[in-house]
2 protein chains.
Amino acid sequence: MTGKYAHILGMQGYPLTNTEDRGLPTSEKILPQYLKELGYATHLIGKWHIGQSRTEYLPTSRGFDSHFGHRGGYVDYYEYTLEERLENADVSGFGLFRNETAAWDVEGYLTDVYSREVISIITQHNISSPLFLMLAHNAPHSSNAGAMLQAPPEEVRKMRHIESGGRRIYAAMVKKLDDSVGYITQALFDKGILDNTVIVFIADNGGMTSGDSMNYASNWPLRGLKMSPFEGGTRVVGLVWSASFNNSNHLWNGYMHVTDWLPTILSMAKGNSPKNINGIDQWHNIQFNEDSKREEMFEIDDYTGYASITSGDFKLVTGNVIVAYSDYQGDDLRRISGDRPSYMDAIVNSKLYNILHKINRRLKFEDINLRNEMCINCDSDRITTCYPQNGTVCLFNIKDDPCEAKDL
Amino acid sequence: MTGKYAHILGMQGYPLTNTEDRGLPTSEKILPQYLKELGYATHLIGKWHIGQSRTEYLPTSRGFDSHFGHRGGYVDYYEYTLEERLENADVSGFGLFRNETAAWDVEGYLTDVYSREVISIITQHNISSPLFLMLAHNAPHSSNAGAMLQAPPEEVRKMRHIESGGRRIYAAMVKKLDDSVGYITQALFDKGILDNTVIVFIADNGGMTSGDSMNYASNWPLRGLKMSPFEGGTRVVGLVWSASFNNSNHLWNGYMHVTDWLPTILSMAKGNSPKNINGIDQWHNIQFNEDSKREEMFEIDDYTGYASITSGDFKLVTGNVIVAYSDYQGDDLRRISGDRPSYMDAIVNSKLYNILHKINRRLKFEDINLRNEMCINCDSDRITTCYPQNGTVCLFNIKDDPCEAKDL
């Protein structure tokens, strides 16, 4: 949002609780504000989570024309509540808002609810101005303790080939996310603006493979999970699509830090980036598959008490990591107990495939190789497994050893 | 099932896992076998959980004409799987069976699925023979870790007046149980056999207010939960109804142990009880609100390592209890955050109310006092809270102090 490292702004460490009187400093100018200056209509649907205790912290005070969504870390997918421990008692509150008002009237599975809101914004958009639409889905985040994973039962049923019951629900949650991409792309097509739209699809962190907020995701074979400095917690996939791209079906392998999105998106919008930020404009390099402009990345979590620095091929981790979040997990979740449905059928029957067909940007099956290129395989001969603790520092070559098995 | 204490048969302690090669000894004659001798058709729908590793342990080998249901402690409400830890790995298996075959074809919310099966048996029953139908619902047991509580979202939505999100789902699960009673009573009415039917509705243990299998039940103000020897774990409600009862709308307050159901049900069916059991025929006393014939109850859990003996008004607890299962819990789950829907409306609109109306056994609103009479209130001046541990023995007067606060 700011193009700056969280630790520069005091936002590092544990995420905000819903009852916390803290927010992203209002002195910061954020992405939708820059885009408004470029004439964009700006809308946020979904998660905010960078301050809600005062009106000035809310998205509608910070550059978004509208916000429909949850303000905290997550909500229940049907009841839109979040539970929190507050002074030794569990409290539960309604967490879905339309701008500054609780959205009591809403019903339905949250991923669908958000898709519908997005479609409604697209449909009603006056195309005389450009549109910046940010959708931060609740899925596939876990929910409150009694019902951590939630998906419509008929969607879960489609995942019967997956052995783990929790993973089956997780898969259905991700499938609903996929559907959302289809619905929204269809709305852009129907509105006649798809051929002039850039779609950016990104993850914010690795999966939570165990612990309190486990959602049955798997980062295997990467090491660690969300809440850890290892690649399983920090290395995520992303996708940029535009009908205007030519001969650019490629896997871009460069470093890209979350702070880079602000200047990169401003560059897409032909705006100027601010000077005093940590983010780097990567738009040209991504489009033309050139080397990343980024050489270094920092991560500081003074709540847990660790830090990492990545420089070139090397990553140094120091401080104290939580061992339970720093192991190799999630392989067993990937077990299959029945016949896997056809991947080709799923693609051919998807909304997206059919839209791409209509705009003559047909998905070629050989492009599925891009997906295969993304796969990470690690040697099984792990020499050491280093845990930074009490002065022990670990150094990895994350290019040769992305699974962080060999301490150098 | 046997009329005998579990510890007499080696079935005390922790319940069977799904992978365990153990069962209720086949030398034991069980309730449906006795009833078959009296000419009954016998059907089990739902939970079995006393042995499944060999054909001879299954319900259909042990006196039931048919079994449709799960064989272990519980299953997922939509996917009918159960997950278990087996030799350091989590394994997941399909747990729903029609007689001796996996019921892969089934779809729907399990409480409804079981209701439909029961209705189908009633509808097809040849009334030339009497019918013993045992329905052991999965609800409101918790499910696998990722989705411990499950109910149709539209039913959960009706519980919006409840603050706790988990409790809301629990309430919806119980509401579906209520619906089941309505559907089944309707089927008995439609078949023309309701006026000649005895309905017994019983709970098997107190709620799981915390811990691994927490289902957001509350035993408040009783002490302890399932897995503990305190009243919150062992003192449950039950109901016996028959259209043939006259002037017998009463709260029967006597001791009744689960072993008493075998001789009591055989007595209802005008059969003879076996001699070598621990259960006591309470049929006459329940019907006519006379003193219980039972004076003593034992509970032995040598898995955890505790035992209790109840004699007259007194209960002695010895051994080691798990403290987390022996506290007062669940009061906070009962918090309300919205307008409570009308209790009277719920009754008047229920299937049951309307059926009772049709057979001239109308529910009188003043009978709701029976419900109020069941309420337990405890003094707040708790003198000691005794935890049996390392030789400490606790003695309570559970008549004067049902909340087990005062060690005598």
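Naming: A, B, ... by sequence-line order, numbering from 1 per chain.
Checking side-chain atoms of E83(A) against main-chain N and O of G165(B) turns up a donor-acceptor pair under 3.5 Å.
Between T81(A) and the options R168(B), E163(B), R160(B), a side chain to side chain contact (heavy atoms under 4.5 Å, CB included) holds for only R168(B).
Scanning all heavy atoms of the two residues, the minimum distance from Y216(A) to G146(B) falls at OH-N, 3.3 Å.
Chain B forms the most heavy-atom pairs under 4.5 Å with one residue out of S92(A), S143(A), P152(A), and that residue is S92(A). Ranked by heavy-atom pairs under 4.5 Å with chain A, the list D332(B), V156(B), N144(B) is led by V156(B). If you tally non-hydrogen atom pairs under 4.5 Å between each of G108(A), A147(A), P153(A) and chain B, the highest count goes to P153(A).
Heavy-atom distances place both the backbone and the side chain of E107(B) under 4.5 Å from chain A. Of the two parts of Y109(A), neither the backbone nor the side chain holds a non-hydrogen atom closer than 4.5 Å to a non-hydrogen atom of chain B. The part of R335(A) that comes within reach of chain B is its side chain, from C-beta onward, which places non-hydrogen atoms under 4.5 angstrom from that chain. Y78(B) touches chain A through backbone and side chain together, each having a heavy atom under 4.5 Å away.
D339(A) CG: 12 or fewer foreign heavy atoms inside a 6.0 Å radius. Shown here is R85(B), whose CZ atom has more than 12 heavy atoms of other residues, nucleotides or ligands within 6.0 Å.
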